[in-house]
K.L.:
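Starting off with a structure, shown below.
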Amino acid sequence: MPMNIGAIRLSSPISDSDFQQAYARANLSRQRKIDAYLHQEDKERSLVGDMLIRLMLFRHFGYVSLKVPFTADRFGKPYVEGQSGMHFNISHAGDWIVCAVDSSPIGIDVELIRAIDMAIAHHYFSDVEQESLKAVPPENRLSYFFDLWTLKESYIKAIGKGLNEPLRLFTMDLSVNEIKLISTKKKDAAWNFRQYEIDPAYKLSICATNDSFPNKVTEVVWEELLAFYMEER
């Protein structure tokens, strides 16, 4: 069964009435997280991220409970307590919030392509990746950097260890049509990767043990998401 990948673009602020309606429906744990943010933009991302996760879980598993808070393990990876076969991951950058759900471990990362100091590649990319980055024509180098970055981040998020797993210890090989993970760990052979284009200004990568990827990312509009969240179940 293919995994489900959803995305929503928040190119403008949510109206105060919509925000207050959805906030009132969120569980206490989510409300406290929202309240901890100083800026309204961050409050909206926190709320909409929660809404998107629950919509995608409902579409994939037929499961939804607004009152059940998500729990995080010791590495910070969120999960639904008591639901071992229910996996999800979320990411946001710029205008986009994206979420992937599946019955096996999964990771997703989205990044806005922006000017960066390429010297940071020395700290986060393997020697092989650094050499492959240098080999890319200068006009394509920034795009390639974010290909590598989002693929590596999606893997880190899928295994659920965050930055406890040094990024330089494994290599993403993009030299052939199939994206490959080169690692000394035998279990890493089980991971599969896919990239999607949701916006020319962004990079989006997925890492999963399931190799049944959907053909496209499902874009959700705010009105649809709000209607789902407000519906009594």
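Since this is a predicted model, take the numbers as computed values, not measurements.
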K.L.:
Is it true that D211 and R194 have a side-chain N and a carboxylate O under 4.0 angstrom from each other?
P.N.:
no

K.L.:
Are L226 and I34 co-members of a hydrophobic cluster defined by side-chain heavy atoms under 4.5 Å apart?
P.N.:
yes

K.L.:
Would you sort out whether R45 and H39 count as a side-chain contact (heavy atoms from CB on, under 4.5 Å), showing the intermediate values?
P.N.:
CA-CA 10 Å; R45 283 180 174 174; H39 302 293; over 6 Å; no

K.L.:
Can you measure from CD1 (I5) to CG (N215) and round to the nearest 0.5 angstrom?
P.N.:
10.5 Å

K.L.:
For residues F193 and L174, determine if any side-chain heavy atom of one lies less than 4.5 Å from a side-chain heavy atom of the other.
P.N.:
no

K.L.:
Is a side-chain N or O of N4 found less than 3.5 angstrom from the main chain of V101, in a donor-acceptor match?
P.N.:
no

K.L.:
Distance only, no hydrogens: is a donor on one side chain within 3.5 Å (strictly under) of an acceptor on the other, for K203 and S143?
P.N.:
yes

K.L.:
Work out which heavy atom in S132 is nearest to a heavy atom in Y144; give both atom names and the distance.
P.N.:
OG-OH, 3.2 Å

K.L.:
Taking W149's backbone N and O only, do any of them form a donor-acceptor pair with Y124's side chain (distance below 3.5 Å, no angle check)?
P.N.:
no

K.L.:
Do Q195 and T150 come within less than 4.5 Å of each other through their side chains, counting heavy atoms only?
P.N.:
yes

K.L.:
Find out whether M172 and F125 are in side-chain contact, i.e. whether some heavy atom of one side chain is under 4.5 Å from a heavy atom of the other.
P.N.:
no

K.L.:
What's the shortest heavy-atom distance between M3 and A208, and which atoms?
P.N.:
CE-CB, 3.8 Å

K.L.:
Do I116 and R114 make a side-chain contact, defined as non-hydrogen atoms from C-beta onward lying under 4.5 Å apart?
P.N.:
yes

K.L.:
Can you name the closest pair of heavy atoms from A100 and I206 and give their distance?
P.N.:
CB-CD1, 4.3 Å

K.L.:
Starting at CG of L204, measure out to CG of D147 and round the result to the nearest 0.5 Å.
P.N.:
11.0 Å

K.L.:
Is there a path of hydrophobic side-chain contacts, each under 4.5 Å between heavy atoms of I, L, V, M, F, W or Y residues, that connects F146 with V110?
P.N.:
no

K.L.:
Looking at every non-hydrogen atom in both residues, tell me the closest pair between M86 and L57 and how far apart they are.
P.N.:
CG-CD2, 3.7 Å

K.L.:
In terms of hydrophobic clustering (I, L, V, M, F, W, Y; side-chain heavy atoms under 4.5 Å; direct or indirect links), are V98 and M56 co-clustered?
P.N.:
no

K.L.:
Is the shortest side-chain heavy-atom distance between E153 and S91 below 4.5 Å?
P.N.:
no

K.L.:
Nearest 0.5 Å please: distance from the CG atom of L148 over to the CD1 atom of I179.
P.N.:
10.0 Å

K.L.:
Can you name the nearest heavy-atom pair linking A121 to F145, along with the distance?
P.N.:
CB-CE1, 4.4 Å

K.L.:
Let me see the working for D50 and Y229 under side-chain contact (heavy atoms from CB on, under 4.5 Å), right down to the final yes or no.
P.N.:
CA-CA 10 Å; D50 185 80; Y229 205 65; 3.1 Å; yes

K.L.:
Please examine the side chains of Q40 and F19, heavy atoms only from C-beta on, and report whether any two atoms are closer than 4.5 Å.
P.N.:
yes

K.L.:
Check this for me, if you would: do D199 and R9 make a salt bridge, where the nitrogen-to-carboxylate-oxygen distance has to be below 4.0 angstrom?
P.N.:
yes

K.L.:
Taking NE2 in H123 as the centre, count heavy atoms belonging to other residues, nucleotides or ligands within less than 6.0 Å. Is the count above 12?
P.N.:
yes

K.L.:
Cluster question for you: counting only ILVMFWY and a side-chain heavy-atom cut-off of under 4.5 Å, with indirect links fine, are V128 and L167 together?
P.N.:
no

K.L.:
Measure the CG-CD1 distance between N89 and I53 for me, rounded to the nearest 0.5 Å.
P.N.:
8.5 Å

K.L.:
Cation-pi between K216 and Y196: NZ/CZ under 6.0 Å from ring centre and within 45° of the ring axis?
P.N.:
no

K.L.:
Applying side-chain contact (heavy atoms from CB on, under 4.5 Å), run through Y37 and E44 and close with a yes or a no.
P.N.:
CA-CA 10 Å; Y37 289 108; E44 291 179 3; over 6 Å; no

K.L.:
Is there a side-chain contact between S212 and M1 in this structure, where contact means two heavy atoms from C-beta onward sitting under 4.5 Å apart?
P.N.:
no

K.L.:
Taking side chain as C-beta onward, heavy atoms only, is H87 less than 4.5 Å from Y79?
P.N.:
no

K.L.:
Hydrophobic clusters here meaning ILVMFWY residues chained together by side-chain heavy-atom distances under 4.5 Å, can you tell me if F213 and L181 are in one?
P.N.:
no

K.L.:
Just jot down the side chain to side chain contact (heavy atoms under 4.5 Å, CB included) partners of S104, sequence neighbours excluded, or say none.
P.N.:
D102, T209, N210

K.L.:
With a 3.5 Å distance limit and no angle check, can you tell me whether Q31 reaches the backbone of Y23 through a side-chain donor-acceptor pair?
P.N.:
yes

K.L.:
ring-ring contact (aromatic ring centres under 6.0 Å, His included) with F70: which residues, sequence neighbours excluded?
P.N.:
F88

K.L.:
Give the minimum heavy-atom separation between S154 and L151, together with the two atoms involved.
P.N.:
OG-O, 2.8 Å

K.L.:
Any chance NE2 of H92 has more than 12 other-residue heavy atoms, nucleotides or ligands included, within less than 6.0 Å?
P.N.:
no

K.L.:
Quick one: do L133 and Q130 satisfy side-chain contact (heavy atoms from CB on, under 4.5 Å)? Show the steps, please.
P.N.:
CA-CA 5 Å; L133 183 63; Q130 291 178 55; 5.6 Å; no

K.L.:
Any chance CZ of R141 has more than 12 other-residue heavy atoms, nucleotides or ligands included, within less than 6.0 Å?
P.N.:
yes

K.L.:
What's the separation between atom CG in L47 and atom CZ in R25, rounded to the nearest 0.5 Å?
P.N.:
12.0 Å

K.L.:
Could you grab the distance from atom OH of Y155 to atom OG of S205, nearest 0.5 Å is fine?
P.N.:
15.0 Å

K.L.:
Just wondering, are more than 12 heavy atoms of other shown residues or ligands nearer than 6.0 Å to NZ in K43?
P.N.:
yes

